[in-house]
Colleague: 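Before anything else, here's the structure in question.
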Amino acid sequence: AGRYHAAVRAPRRERAAGLMGGPAELVAPEVVSGRFETGMSEDEYFSRPELSASGMKDLLRSPKYFRMQRSVHRAKKEFDEGHAIHSLVLGVGAPIKEIPDSLLSGEYRSVSSAEAKKFKADAEAEGFTVLKPQQFARIQRAAESVLGNVKARRLLDAAPFREVSLFAADPDSGVGLRGRVDALGDLLLDVKSAADIQGRAIDRAVLDRGYYLSAAVYRHLLTLILGEDPGPMHLIFVEKEAPFEVAVRVLDDPAWQEYGLQQMRKAIDLFASFNEFGVWPGADDEDGPIRPIEFPAWLRVAPTEVEGF
């Protein structure tokens with residue numbers, strides 16, 4: 001893990017209501033192959049053509065969906081609150097600008113007036129993430145919950161490189177890969193905002209949102225670029241609504257990495273094949289038998305067990 005360790009620790013930097021910022025000066029690790037980039041803007045990173053973990057998730061849904069996602073412009077501000085939490089917790093990324101409440105309209109304080117729309121458009125053109133006052137207050141409390149959590153604070157201190165952009169060619173296929181890690185140092189770390197982190201919500205999120213695949217791609221890229229596996233990915237989850245609970249987890253079961261690598265390899269092979277022939281089919285475009293919809297096992301009850309009969 002020493003290869004990833006920052007030679008210079010950053011002093012604290014105040015941002016947005018006293019929240020701690022990211023590293024001020026760090027010595028980049030030695031690169032074996034590919035690129036290890038700090039300070040790359042989101043616009044530049046997301047405009048690049050290499051295959052990412054998010055692209056792999058789209059491709060595994062269907063090649064047609066992947067192609068569509070690449071060809072349309074996804075709204076940059078679609079994930080404003082998540083971006084804002086990252087900015088306050090990690091100390092990097094787009095700065096936040098609060099839209100004055102006096103410009104908002106109606107019971108739900110909507111951005112509907114000409115003045116509000118102009119304020120938002122101008123601020124976004126300058127690179128700001130624009131939030132309503134109530135949104136900003138919630139995001140600040142979520143970030144404060146993360147920074148006030150002992151385990152989360154310990155992980156953040158151990159990973160001083162923030163929003164690291166990674167680029168390398170997969171040696172088995174030649175496909176260019178990219179990834180963007182939230183935090184890196186003595187460990188690999190991602191920060192996730194969520195509506196709910198109670199019960200099995202985190203387990204479902206890891207599967208449904210493909211965090212295991214992201215972890216496998218990051219570890220694969222870092223092994224190629226720095227010649228060393230950083231180990232299992234750590235995750236900090238924080239709720240975006242009160243009481244802003246925080247949960248700290250690690251994907252340390254080897255089965256997660258094995259499954260993630262399996263899905264990564266499947267996506268890379270699909271990309272190489274479809275890219276070569278220029279055909280991007282939908283999930284059910286090919287001829288063959290029609291798949292039946294199975295009746296749910298939990299609904300298979302005896303007639304006498306059905307209430308009301």
Colleague: Name all residues meeting the salt bridge (Lys or Arg N to Asp or Glu O under 4.0 Å) criterion together with Arg180; count only those two or more places apart in sequence or in a different chain, and write none if there are none.
Modeller: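 Arg180 satisfies salt bridge (Lys or Arg N to Asp or Glu O under 4.0 Å) with Glu163 once adjacent residues are dropped.
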Colleague: Under the salt bridge (Lys or Arg N to Asp or Glu O under 4.0 Å) definition, can you give me all pairs with a residue in residues 238-262, not counting sequence neighbours?
Modeller: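 Pairs touching residues 238-262 that pass the test: Arg138-Glu241.
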Colleague: Can you list, by chain and residue number, the hydrophobic cluster partners of Leu224 when the side-chain cut-off is 4.5 Å?
Modeller: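 Besides Leu224, the hydrophobic cluster comprises nothing; the residue is isolated.
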Colleague: Pairing donors with acceptors under 3.5 angstrom, does anything connect the side chains of Asp190 and His234?
Modeller: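 The criterion, which ignores hydrogens and geometry beyond distance, is not satisfied for His234 and Asp190.
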Colleague: Report yes if some heavy atom in the side chain of Ile268 is under 4.5 Å from a heavy atom in the side chain of Leu177; otherwise report no.
Modeller: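 Heavy-atom side-chain distance check passes, below 4.5 Å.
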Colleague: List in chain and number order the residues that pass ring-ring contact (aromatic ring centres under 6.0 Å, His included) with Tyr259, two or more places apart in sequence or in another chain; answer none if no residue qualifies.
Modeller: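 Checked Tyr259 against ring-ring contact (aromatic ring centres under 6.0 Å, His included); matches are Tyr212.
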Colleague: Does the plane of the ring in Phe36 sit parallel, tilted or perpendicular to the ring in Phe161? Use 30° and 60° as the thresholds.
Modeller: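 It falls in the perpendicular class, over 60°.
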Colleague: Measure the shortest side-chain to side-chain distance between Lys57 and Leu60 over non-hydrogen atoms and say whether it is less than 4.5 angstrom.
Modeller: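 Side chain of Lys57 against side chain of Leu60, heavy atoms only: no contact under 4.5 Å found.
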Colleague: With a 4.5 Å limit on heavy-atom distance, are the side chains of Tyr65 and Gln69 in contact?
Modeller: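 Answer yes - side chains close enough.
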Colleague: Apply side-chain contact (heavy atoms from CB on, under 4.5 Å) to Phe295 and list each qualifying residue two or more places apart in sequence or on a separate chain.
Modeller: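 Result, side-chain contact (heavy atoms from CB on, under 4.5 Å) vs Phe295: Leu299, Arg300.
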Colleague: By the salt bridge (Lys or Arg N to Asp or Glu O under 4.0 Å) test, which pairs, at least two apart or in different chains, include something from residues 263-276?
Modeller: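 For residues 263-276: Asp170-Arg265, Asp172-Arg265.
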Colleague: Less than 4.5 Å apart, side chain to side chain, heavy atoms only: is that true for Leu166 and Arg178?
Modeller: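 No - every pair of side-chain heavy atoms lies 4.5 Å or more apart.
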Colleague: Does Lys97 qualify as a cation-pi partner of Phe128, given the criterion of NZ or CZ under 6.0 Å from the six-membered ring centre and within 45 degrees of its axis?
Modeller: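 Positive - Lys97 is close enough to the ring of Phe128 and near enough to its axis.
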Colleague: Within a 6.0 Å radius of atom CZ on Arg48, are there more than 12 heavy atoms belonging to other residues, nucleotides or ligands?
Modeller: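 Above 12, so yes.
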Colleague: Are Ile85 and Val238 side-chain neighbours, meaning at least one heavy-atom pair lies under 4.5 Å?
Modeller: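 The answer is yes, as the side chains (C-beta and beyond) meet within the 4.5 Å cut-off.
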Colleague: Below 4.5 Å, heavy atoms only, C-beta onward: do Leu131 and Ile99 meet side chain to side chain?
Modeller: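 Answer no - side chains too far apart.
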Colleague: Counting only heavy atoms not in Arg109 (residues, nucleotides, ligands), do more than 12 fall under 6.0 Å from its CZ?
Modeller: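 Yes, because the 6.0 Å sphere around CZ of Arg109 holds more than 12 heavy atoms from other groups.
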Colleague: For the residue pair Ser112 / Lys117, report whether a side-chain donor-acceptor contact shorter than 3.5 Å exists.
Modeller: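 No, no side-chain donor-acceptor pair sits under 3.5 Å.
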